[in-house]
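Notes to accompany the following structure.
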Amino acid sequence: MTGNDDTILEYLHEKDMALPPGTLHFNLEREGFEVGYSTIRRRLKLLESAGLIQNEAEEGSYYGLTEKGRQYLSGDLDASELEQDDEN
């Protein structure tokens, strides 16, 4: 897990909605976070594979927080319990 992962997860939790990568990138930048679009797309795929978010749209990519993601944010699930990934 990286700081960008936490930023993405916290934003999705705070807004309580499913967002596509472009909208997520736009709004994070608007709020002063410096996370590149390609980083967001890459991290969303990794967060999805860890089960922390899911694509909630049949067509397109709208990512929302899962129950596992909520557990991670509340501290009930430690990052060490997630599948480790060497890609940052």
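Residue numbers count from 1 along this sequence.
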At what distance, to the nearest 0.5 angstrom, does [atom1] of [X] lie from [atom2] of [Y]?
X     : Y     : atom1 : atom2 : value
Glu10 : Asp5  : CD    : CG    : 10.5 Å
Leu47 : Leu12 : CG    : CG    : 8.5 Å
Glu67 : Leu77 : CD    : CG    : 10.5 Å
Leu24 : Phe33 : CG    : CZ    : 10.5 Å
Asn4  : Ile40 : CG    : CD1   : 8.0 Å

Within-4.5 Å side-chain heavy-atom neighbours: [X] and [Y]:
X     : Y    : answer
Thr39 : Thr2 : no
Met1  : Leu9 : yes
Ile53 : Ile8 : no

Report task. Evaluate whether atom OH of Tyr37 has more than 12 neighbouring non-hydrogen atoms of other residues, nucleotides or ligands under 6.0 angstrom away. Result -> yes
Report task. Give a yes or no on this: more than 12 heavy atoms of other residues, nucleotides or ligands lie within 6.0 Å of atom CZ of Arg41. Result -> no
Which pair of non-hydrogen atoms, one from [X] and one from [Y], has the smallest distance, and what is that distance?
X     : Y     : result
Lys68 : Ala50 : NZ-O, 2.9 Å
Ala18 : Tyr62 : O-CD2, 3.8 Å
Pro21 : Ser61 : CD-O, 3.6 Å

Residues that [X] engages under side chain to side chain donor-acceptor pair (under 3.5 Å), provided they are two or more places apart:
X     : value
Asp6  : Tyr72
Glu29 : His25
Ser74 : Asp76

**Study point:** Sidechain-backbone polar pair: Asp16 side chain, Gly64 backbone, donor-acceptor under 3.5 Å
**Key:** no
So, does Thr66 use its side chain to make a donor-acceptor pair with the main chain of Gly51 at under 3.5 Å?
yes
The complete set of salt bridge (Lys or Arg N to Asp or Glu O under 4.0 Å) pairs with one or both residues in residues 49-66, sequence neighbours excluded, reads none
- prompt: Are Val35 and Phe26 in one and the same hydrophobic cluster, where Ile, Leu, Val, Met, Phe, Trp and Tyr link if side-chain heavy atoms are under 4.5 Å apart?
  reply: no
Salt bridge (Lys or Arg N to Asp or Glu O under 4.0 Å) filter on Lys15, not counting sequence neighbours, yields Glu31
By side-chain contact (heavy atoms from CB on, under 4.5 Å), Asn27 pairs with (sequence neighbours left out) Tyr11, Thr23, Arg30
